[in-house]
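Here the structure is a predicted model, which is why all the values come from computation and not from measurement. Proteins come first, then strands; the chains are lettered A, B, ... in the order of their sequence lines, and each starts at number 1.
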Amino acid sequence: MSFWLMKSEPDAFGIDDLKRRGTEPWSGVRNYQARNFMRDRMRPGERAFLYHSSCEAPGIYGVLEIAGTAYPDPTQFDRKSPYHDKAATREQPRWFLVDVKFVRKLERPILLSELRAREQELHGLMLLRKGSRLSIQPVSAEHWDQILALE
DNA sequence: GCCAACGTTGGC
DNA sequence: GCCAACGTTGGC
């Protein structure tokens, strides 16, 4: 059982959008490491933090659940999509996604600044590593519990 | 295979 | 808007 952190920009797709939609394909990931996590490691039923980046108060805003195993991201085949990839074919898709399901919105966001302030306990958390920009990150079970306890 | 140039991410 | 860090591309 693994835990995860998934980033989005709230202007594009935030926790309230997910709440409204219920389940949503996590499309548009174009980073191999993040893809590999979704394709090779994520299992249905696992949980992830929804982290909001590039906004006024970056932090964790909600919890979601991995709703299924990975499948090819359809936007890679769509010429009109900003995520179109002309090197991808249906026979050999390059990009994968999972569906994610809304679990809950946190009572209050757990801000990046708070996580930073607890760098000692959260030692090794990928989010706090300098220069770490990965949009999908594993979170250890221990860190998961520690972070939720801050709510 | 190296590496410079370029593009993107994301906090501040 | 700035800039550090990282990933990708493409010439050689």
- Message: If you count heavy atoms of other groups shown closer than 6.0 angstrom to CZ of F13(A), is the number above 12?
- Response: yes
- Query: To the nearest angstrom, how far is L111(A) atom CG from dG11(B) atom P?
  - Reply: 11 Å
- Whole Å only: how far is the OH atom of Y32(A) from the C1' atom of dC6(C)? 15 Å
- Query: With a 4.0 Å cut-off, would you call R20(A) and D17(A) a salt bridge?
  - Reply: yes
- Note on the structure: Taking every heavy atom of F96(A) against every heavy atom of P72(A), the minimum-distance pair comes out as CD2-N, 3.7 Å
- For DNA chain C, the residues among residues 9-18 of chain A that have a non-hydrogen atom under 4.0 Å from it: none
- Message: What verdict does the salt bridge (charged side-chain N to carboxylate O under 4.0 Å, His left out) test give for E24(A) and K19(A), after you've listed the backbone C-alpha separation in whole Å, the side-chain angles of each residue and the deciding distance to 0.1 Å?
- Response: CA-CA 10 Å; E24(A) 183 76 4; K19(A) 183 175 186 178; over 6 Å; no
- Message: Tell me whether the count of non-hydrogen atoms from other residues, nucleotides or ligands lying under 6.0 Å of CZ in R118(A) goes above 12.
- Response: no
Can you give each donor-acceptor pair under 3.5 Å made by side-chain atoms of residues 131-141 of chain A, sequence neighbours left out, with the distance rounded to 0.1 Å?
{"residue": "S132(A)", "atom": "OG", "partner": "M126(A)", "partner atom": "O", "Å": "3.1"}
{"residue": "Q137(A)", "atom": "OE1", "partner": "L127(A)", "partner atom": "N", "Å": "3.0"}
{"residue": "Q137(A)", "atom": "NE2", "partner": "L134(A)", "partner atom": "O", "Å": "3.0"}
{"residue": "S140(A)", "atom": "OG", "partner": "H143(A)", "partner atom": "N", "Å": "3.0"}
{"residue": "S140(A)", "atom": "OG", "partner": "H143(A)", "partner atom": "ND1", "Å": "3.4"}

- Task: Give the nucleotide from the list dC12(B), dG7(C), dG10(B) with an atom nearest to the side chain of K7(A).
- Result: dG10(B)
- Message: Rounded to whole Å, how long is the line connecting atom NE2 of H52(A) with atom C1' of dC12(B)?
- Response: 19 Å
- Passing option when F102(A) is tested against T23(A), L18(A), D16(A), L50(A) for side chain to side chain contact (heavy atoms under 4.5 Å, CB included): L18(A)
- Task: Test salt bridge (charged side-chain N to carboxylate O under 4.0 Å, His left out) on R30(A) and D73(A) and set out the steps.
- Result: CA-CA 10 Å; R30(A) 295 295 180 267; D73(A) 181 343; 3.1 Å; yes
- Just how far, in rounded Å, is P of dG7(C) from CG of N36(A)? 13 Å
- Task: Give me the residues of residues 118-138 of chain A where at least one heavy atom lies under 4.0 Å from an atom of DNA chain B, by number, or none.
- Result: R133(A)
- Message: Side-chain N or O of Y51(A) versus OP1/OP2 of dG11(B): is the shortest distance under 4.0 Å?
- Response: yes
- S54(A) side chain near dG10(B) phosphate (N/O to OP1/OP2, under 4.0 Å): no
